[in-house]
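Single-structure report; data block below.
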Amino acid sequence: MRGPDSAVRGAVVATLRLLPRVSRPLTVAMGAVMVASALVPTAFMLVSGAVIGTLPRAIAAGPSSGAADRVLVLIALAGALFALQQTTGPVLQAVAAALGRRLTLHLRRRVMAASVLPPGIAHLEDPALLDKVAMAQGVGAADISPRELAIAIAMVGSRYLAATAAAVLLAAFRWWLPIILVIEYLLVIRTFRGEFQKSAGVLVGKAEEMRRSAYFRDAALTPAAAKEVRIFGLGQWVEDRFRDSFRTAITAVRRGRRGAWRLMAWAPALFFLTELFTFVLLGRAAVRGEISLGQFTVFASAAGGVGMFASLSQYDLFLQYGAPSVLAAIDLERITAQPHIRLSGGRSSAGLPVHAIRFEAVDFNYPGQGPDRKVLDGLHLEIPAGKSLAVVGENGAGKTTLVKLLARLYDPTAGRIAVDGVDLRDLDPGQWQQRIGAIFQDFVRYQLTVADNVGFGASADVDGDALKLAAARAGALDLVDGLPVGWDTVLSRQFSGGADLSGGQWQRVALARALFAVERGAGVLVLDEPSANLDVRAEAELYDRFLELTEGLTTILISHRFSTVRRADRIVVLDGGRVVEDGSHEALVDAGGRYARMFGLQAARFAP
Ligand code: ADP
């Protein structure tokens, strides 16, 4: 049982170390209030003991005696302490919550940075890592945020301090008594926590199942799937799947809790016997006159106070469930900082390529896929700088994969990609990615302003001309002018004053984004079928326009339609993970191979 318990302890220690970094003043304040909230009840015990100790003498001496005055003063003091005791709890909660909110923000930012920093994306497809991300966000841990964890640390911590103070008081009666009590209480509570920890561990193991149930929940609640959920009548189905996967995850947890239930049956009996023993000791000492009435009162309440070692509240659960998320966040940072995820390379790629990019005997399979599932298989391909190249092939031929490797979202499994003779793995990955402007088939429709969709933070005032130029070249300027507040219009109906665009309009915005990237230093442009929802003729027009706009740049056009890319300087046909035909449109048609056949078939459909 040491494992889970020490894991929580490790997480609590890690959190405690983080707190001063998040806010030193709030951490100091929290510590001070914790100590106060532990000492005030102890002081209250002492003062009430003194009241009861003095009371018989005061009664005997009469209401105008000095003893009676002393009792009144003590009662006033007890009242003040009582009032203070009532306020320390809420104040501690508030301070811890303020600190915890900052902790949440701090960790979220670290989790985001850790997820975004790696230049590659392989880690985002690794289920184990995705579980860590989910955990780090508190999702896998019953939605307990670091904020609640901070509150729990404060509350549980102050409870232990108060219990320790009570134990010190009780030691004045029999030094060994609190030692026995504390050991017994801690052992029982440790067993208890161990049981709960086990079920928390089960929940951690079920993070994937939890993510699945969250996916179904989101399908029902968010607009993304709203259309299909209705049209295909998926409502009930989504709801059932949500319930099933949630149940699978939670049933295991419930099973894990059985031990805790058993424990709950015998622990109270043990506690009862212990308290009985303590009070018999105290009562006997009082009857024999070994301790006064006042001392009896103080020791009796101290014995009760030591019992706080054995109490479990919701805050203990917050500790159990919340702590793993902090460790996961820290872990995530460590994992994504690993060299194979961070990707190697530090050489500058400014101005590259001047001559050519060469794929040399490149093999690739996606992470987690067996070596027999090569997507690229000994691929040789030279992409000359300043020219246009079209890559055509059936769906699934590996065209997008080729672009992902070029953009260094993945590294080849074997072989190498060389830019002007330099291995891509030796170039600074972040800087190289800035050299690439790509529009993918699933390009992102950011729910941001048009200006941000094109320029990402380039202000319309500062970079206005560049933005306008990019939009004009992409044929998007009229569209922007027609929007309610021009460049500042948010492209989503989910925000007030927002506007929704048609598929074709979105394409123009994406095209403007790629052209703006050229202004910002991108030298290699890729158009990876953002036109899949256009008809053949419109796609051909889009590609022709793109080629005109990017004349003199290194451009790569991807299409599964052989008939839309004939204006490219050079065309390669991809099949089985390698290049099977290579040449200009005319040369390929003359060669009478697959290109010629497919071109003939597809072009016939839109021949005038
Ligand atoms: P194309 O762009 O030519 O249509 P892709 O490069 O998208 O082809 O895909 C090539 C093959 O790789 C397909 O069999 C596809 O299923 C597989 N694939 C694509 N992306 C992934 C991924 N992230 N993980 C595993 N397999 C993938």
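Computed from heavy atoms alone, side chains included, the values below leave out hydrogens, waters and symmetry copies. Counting starts at 1 for both ligands and their atoms, following the listed order.
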Donor-acceptor side-chain pairing of Tyr410 and Thr401 below 3.5 angstrom: no
Among protein heavy atoms, which sits nearest to [atom], and what does the distance come to when rounded to 0.1 Å?
atom	result
atom 5 (P) of ligand 1	Thr401 OG1, 3.6 Å
atom 23 (N) of ligand 1	Glu125 OE2, 3.1 Å
atom 14 (O) of ligand 1	Gly396 O, 4.3 Å
atom 7 (O) of ligand 1	Thr400 CB, 3.6 Å
atom 22 (C) of ligand 1	Tyr366 CD2, 3.3 Å

With a 4.0 Å cut-off on heavy atoms, does [X] reach ligand 1?
X	result
Gly398	yes
Lys404	yes
Glu394	yes

Are [X] and [Y] side-chain neighbours, meaning at least one heavy-atom pair lies under 4.5 Å?
X	Y	value
Ile571	Phe562	no
Phe364	Leu402	no
Phe216	Arg243	no
Arg567	Tyr543	no

From atom 26 (N) of ligand 1, is the closest protein heavy-atom distance below 4.0 Å?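 Neighbour list for atom 26 (N) of ligand 1 includes protein heavy atoms (cut-off 4.0 Å).
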Using a 4.0 Å heavy-atom cut-off, say whether Val375 meets ligand 1 through its side chain, its backbone, both or neither. side chain
So, taking the atom named CZ in Arg513 and the one named CH2 in Trp506, what distance separates them when rounded to the nearest 0.5 Å? 7.5 Å
Rounded distance [0.5 Å steps], OG1 in Thr400 versus CD in Gln441: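 With rounding to 0.5 Å, OG1 (Thr400) is 6.5 Å from CD (Gln441).
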Only one of Arg358, Lys387, Arg570 passes salt bridge (charged side-chain N to carboxylate O under 4.0 Å, His left out) with Glu382; say which it is.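 Of the listed options, the one satisfying the test is Arg358.
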Which atoms of ligand 1 sit under 4.0 Å from any heavy atom of Asn395? 4 (O)
